[in-house]
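First the structure, in the form of structure tokens, and then the observations on it.
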Amino acid sequence: MPQSISKKDDPEFFEWWVNPVADGDPTPDSKDLQATQEYIARHYTPETQAQININVREMRED
């Protein structure tokens, strides 16, 4: 069942991070971005999804 999360309960939850295509590149890695978007769509309500910001890291993480 999708979860609904309130910004007032957990404001930091809404900042998600994906890997860049290369270190220092602002372009998101397409596989990481797609996997993150699919995860969010499966686990959270549309209202919660609409508030999530997906950001690109400066450096790749494993």
Side-chain angles (χ1 to χ4, degrees):
M1 170 135 189
Q3 294 180 332
S4 178
I5 297 175
S6 167
K7 269 200 172 178
K8 68 179 186 223
D9 294 337
D10 190 357
E12 291 183 14
F13 167 83
F14 294 93
E15 295 299 322
W16 288 55
W17 296 88
V18 297
N19 284 326
V21 291
D23 289 348
D25 191 322
T27 308
D29 177 282
S30 60
K31 288 183 182 177
D32 194 15
L33 179 59
Q34 181 178 358
T36 299
Q37 290 171 326
E38 289 172 358
Y39 180 89
I40 291 168
R42 278 194 313 273
H43 291 91
Y44 302 105
T45 63
E47 296 78 19
T48 298
Q49 292 175 40
Q51 297 179 72
I52 293 174
N53 295 315
I54 299 176
N55 304 293
V56 180
R57 292 184 185 96
E58 182 94 4
M59 308 292 273
R60 291 186 64 82
E61 288 185 3
D62 290 327

Item to check | Test item: T27 side-chain N/O and V21 main-chain N/O as donor-acceptor pair under 3.5 Å | outcome: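 No; zero donor-acceptor contacts below 3.5 Å.
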
Checklist entry - Is a donor on one side and an acceptor on the other found under 3.5 Å between the side chain of N19 and the backbone of E61? => result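 Yes, the answer is positive, given that a donor and an acceptor are paired below the 3.5 Å cut-off.
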
Once you round to the nearest 0.5 Å, how far does [atom1] of [X] lie from [atom2] of [Y]?
{"X": "K7", "Y": "I52", "atom1": "NZ", "atom2": "CD1", "result": "9.5 Å"}
{"X": "E38", "Y": "I40", "atom1": "CD", "atom2": "CD1", "result": "10.5 Å"}
{"X": "S4", "Y": "Q51", "atom1": "OG", "atom2": "CD", "result": "8.0 Å"}

Which heavy-atom pair separates [X] from [Y] by the least distance, and what is that distance?
{"X": "I5", "Y": "F13", "answer": "CD1-CZ, 3.5 Å"}
{"X": "D25", "Y": "P20", "answer": "O-CB, 3.1 Å"}
{"X": "N55", "Y": "E15", "answer": "ND2-OE1, 2.7 Å"}
{"X": "R57", "Y": "W17", "answer": "NH2-O, 3.5 Å"}

Next on the checklist: Using a strict threshold of under 4.0 Å (side-chain N to carboxylate O), is an ion pair present between R60 and D29?
Outcome noted: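 Yes, this pair counts.
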
Checklist entry - Any side-chain heavy atom of P26 within less than 4.5 Å of one from V56? => result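 No, too far: nothing below the 4.5 Å cut-off.
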
Next on the checklist: Parallel, tilted or perpendicular: which one describes the rings of Y39 and W16, with boundaries at 30° and 60°?
Outcome noted: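 It falls in the tilted class, 30° to 60°.
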
Checklist entry - Can you list the steps and then say if T48 with Q3 is a side chain to side chain contact (heavy atoms under 4.5 Å, CB included)? => result CA-CA 8 Å; T48 298; Q3 294 180 332; over 6 Å; no

